[in-house]
Every structure is written in C-alpha cells, then in structure tokens.
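Below is one structure; the comments refer to it alone.
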Amino acid sequence: MSPHDLLKINVNDHTEKKNGLTYLSWAWAWQEALKADATATFDVQTFEGKPYMDVNGTGMVWVTVTLFGQPRTCMLPVMDYKNKPILNPDAFAVNTAIMRCMTKALALHGLGIYIYAGDDLPQEDSKAAPSTEATAPMGELYKKEDGPKYEKIIAKTKAKPQPVEWDNSDASRKLFAEGMIEWTSHCTTVAGLNSYWKSNELQLDSLKQTHPPLYEEVLNCFKSLKLKLNQTEKPNE
Amino acid sequence: MKITNKQGLPAPLVALLARDFYTKGASQYSVTELMSPPKIRRMREQYDDEMEIDVTKLIASQLGTFMHAKLEGKTVEGYTNEERIFHSIDGITISGAVDLQEHTDDGIVIIDYKFVKAWSVMQSKDDWVTQLNIYKWLVETVKKQKVCGLKICAIIKDYTAHSTQENYPEAEAVMIDIPMWDSVTTETYVRKRLDMHRAAKQAQEFGEDLQACTDEERWMSETIYAVKREGRKTAIRVFKSIEEANELAEKEKGYVEERKGEPKRCTGDFCGVSKWCKQYQGELNVTP
C-alpha cells in the first residue's frame, strides 16, 4: 500500500456522528495505518512534562504520525462535548483529545481526509492527485508540502457547520431551541435545570437577539419546569 | 441613560463630559463589574433607558478619565501603559485594563492610578486590593509573566498641607503598596463572583427576585449614639455603643440620641437605580 492508497479508503462504516460532526474510530484508523505501513509510529509532544500546551488555561495537544518515513504533525484543542475548549482539562479529556488528534494526523496522510473536507465519499482515482488546487482553492496560499494540507483542513473545518447554537440560520436555531426544550426532560432538580441553562448561556443570549420568539419558547419551558421542580423540592412551602 | 444639564453648562463642556471613554472591549465582564454587586449591574441594564444623570455628576469621574487618557499617551521605556487583558472562564470573557506595568528584573510591578479624595486613602482599601490582585492574576495567567509587586498611585484631589488627621496622606500624590494574593485565592474569588453574576442574570431572565445587596455592598454606615444636652446644638460626644453613651449622658445630665446607620449607596442613589429597587424602597415604606 502506498500513501496515495490511503486517500481512497472508504471509512464511512467506522464513523459516528456527535453534535453534527463526524468522528472516525481511532482504533480502526490506527489499524489501517499499520496495515499500510507496519513501522508506523505516533508521538505526542510534551510541554514541561505535560502532554498538552497550555493556552490561557486550556490545552492544545500535538501529535506527529509518521507513515512511510514521512512525519506529519497535527494539533487539536482539548474540548468538551460541545466542542468548546476545556479549562484545566483532566486526564480523560486530554487522552480523548490525543486520540482524536492522532486520527486527524492520520487524515493528513490521507486516511479519511475527505471527512474533514466535508465530502461524503473518498476521492476517485482521477481526483486524488496530491496537488489539488481544484478541490482546495485555498491551496494557493500555501506552498509547502505539509503546510497546505494542514491549513486547508483548518480552513475547511471552520467553514463547516459549527455546533448548531452558533449557526444563525433559522433552521439550526430552531433545532437548538427544540434541543434545549427536549433535554429539559433530563433535569430532575432545580440545580440541574439552572446548570443546564447556565451551560448554554452564550448560545441563549445569542438566540435572544436573533430569534426572540424562539428564545421566549425556551425560557417559558424552563420557567414552568422550574416552578414544578420547586414545588416538588419544597412541598411544604 | 439620559444625561441632563440642569445647570445650563456650555454645550462643548457637556459634550466632553458626556462622552463615554470607558470600554470593556469585547469582554462580557470587566474586573470592576465583576466586583460590583450583581443586583446593581442587572438593574442598571434593565433600567438603562429610564436612568438619568446630571452632567455635573460626571465631572469628578471624567477628570480621572482625562488624566488616564493623557498618561496612556506618555510612553517611557521599561513601562507598559494601559493594557486590556482578556481571559475566558467557562466560556465567559472577563477583562481588566491595567493602567501601568513596570518591568523590573524581578518581574512586573502593576501600578493603578487613582484620583481620589484624601478620605479614600485613609479608609480600608479592600476594593483596591481585590482589583489589583485580579490584574495580577490576569497578567500571570494570560501573559505568563511573574508579578512581583502591586501599587496604587493615589493622586489626592482635595489635599491640604495643614491637615492634622491621623493617616492623612503626606503629599498630593502617594504610592501605596498593596498585599498580594496567590493565584488560587484570586481565581476562587473570580469564579465565585462570576457565578453570582451569572445566577443574577438567570434569575432576572426567569422573572425571579434578585439576591439582595449586602450591607457592605450598600455602604451601610454604623448606628451611632450621640450624647446631647438641652440648649446645646451639637452633641457632647458620639459613641458606637449605647452603654458608653448612657454613662456619659447620666454624668452630663443629658440624653442620648440614636443616629441610625444608613445605606449610603442607596440613600445617595450612587447605584443609580434606588428608585426602582424593591429592597431599598421597601425599607423606606416601613415605619419604625
């Protein structure tokens, strides 16, 4: 197998979707890497003994995957389930980020890169040439062999739909509001309900500005549930 | 907020004073906002359209702002002027504008200018300690630079050379050393205040009562007892304890007048929202 062949592998059966983003199984991806090159390695960069770089209290992991003697480095913030950087990340979150970053670095070698580029299927042979200005218009900005691909991924990822709460379209805002309402059913205490609201404070502020009726709908749902929960928690009052 | 001109001051002066120099950048909370009572912040936001202030009330604060602006433009090697530092906590951005950073071999000395009355310098400086320690924490956390000192440069607006009061400032401007906190203490404080503000914001959205301001936040003065005598206008002496006052009153054949402590921030409407405040208005309507 050559580096070029990695571009053609269909990874769709080994992905799962979370918060509108597609994730590739790291274990499966690494298995494919070993199949392609039995000497494959990956290194996690450390910073003063820590496996992540401190960025204003949040963490950025750096992983280098070497395939066919070619090292390619990728970085990824340590994020929570909403894809937001975590302050003072714990070991579990750092580990998750490292494995995701390793998978992303494998994408730099071609494996599953079409997912990051927003495509449903890997490229056909005829389109899979390494220099692909037609499919990567931003490529012109970067001339280095490794640089363009990495930078293109960042650019493409940013251009992809972000978690629904930051998408201003009516449909996604509605989806966010519905999601907020739906998930209140999991809140069984006032503290839990308050915490749920607080966790989504920024998105709710934004919703209030862009879609006031939707915001009112969410607010009213929370208010009535809070009233109910208050009565349950303080039956004598 | 509406700005009135009840004294008929000339338009250029009004325009200058009414100009808003203050900016908190792209942050959601400035350091001083974080330190202020959550209830006041929420109410100010709620009643912003209805609040009124006379332009004369802006003079004192704007004079300080003008001086800050002038100092900002004065570049001297080894010093960094007016830097706003941003930091995100749980997705919420807070910021602090550090007036001056002196770069020394041991680290950074943070200096904050205060344009104040002599009285402020003689009082307890808890707020200054908190404010400067948050700046220290921001510099250390965001800029990753060691802070080795905190100082207030107090410029006394009403200085008089002949005052004999205890602790009266020695000159028109004095440097005051501020004790330093460790970063854990400061971050704990910042997170606690942020939680309080976020909880207040949520309570307001939900139409719930906001947590009442504390006595400290209301600048509550102490209740004192004045010993007086018939036919004499002024008190013979004033006491903090009723027992001491009664003792002297008996000796002097006088009587004791109780002067109740009052929430000066509310009574003087320094918060700007006292007329809409249920807590304060409720107290006014209670007959003793």
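- Using a 4.5 Å cut-off on side-chain heavy atoms (C-beta onward), A/K223 and B/E205 make no contact.
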- Query: Stepwise, does the side chain to side chain contact (heavy atoms under 4.5 Å, CB included) test hold for B/E208 with A/K226?
  - Reply: CA-CA 11 Å; B/E208 296 162 1; A/K226 192 167 180 180; 2.9 Å; yes

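- No more than 12 heavy atoms of other residues, nucleotides or ligands shown are found within 6.0 angstrom of CH2 on A/W26.
- Within the model, atoms CD1 of B/I92 and NZ of A/K198 stand 9.0 Å from one another, a figure rounded to the nearest 0.5 Å.
- Between chain B and the options A/L87, A/N194, A/L219, heavy-atom pairs under 4.5 Å are most frequent for A/N194.
- For B/Q202, the CD atom counts as densely surrounded, since its 6.0 Å shell holds more than 12 non-hydrogen atoms of other residues, nucleotides or ligands.
- When the shell of 6.0 Å around NZ of B/K144 is examined, it contains more than 12 heavy atoms from other residues, nucleotides or ligands.
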- Residue pair B/K201, A/E201: steps toward the salt bridge (charged side-chain N to carboxylate O under 4.0 Å, His left out) verdict: CA-CA 10 Å; B/K201 186 180 170 201; A/E201 187 186 327; 3.1 Å; yes

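- The number of heavy atoms from other shown groups lying within 6.0 Å of OH (B/Y79) does not exceed 12.
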- Item | Residue pair A/L202, B/Q28: steps toward the side chain to side chain contact (heavy atoms under 4.5 Å, CB included) verdict | CA-CA 10 Å; A/L202 295 180; B/Q28 282 145 321; 2.7 Å; yes

- Task: Quick one: do A/N88 and B/E187 satisfy side chain to side chain contact (heavy atoms under 4.5 Å, CB included)? Show the steps, please.
- Result: CA-CA 12 Å; A/N88 299 323; B/E187 185 165 342; 4.2 Å; yes

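- For B/K143, no part lies near chain A; criterion is any non-hydrogen pair under 4.5 Å.
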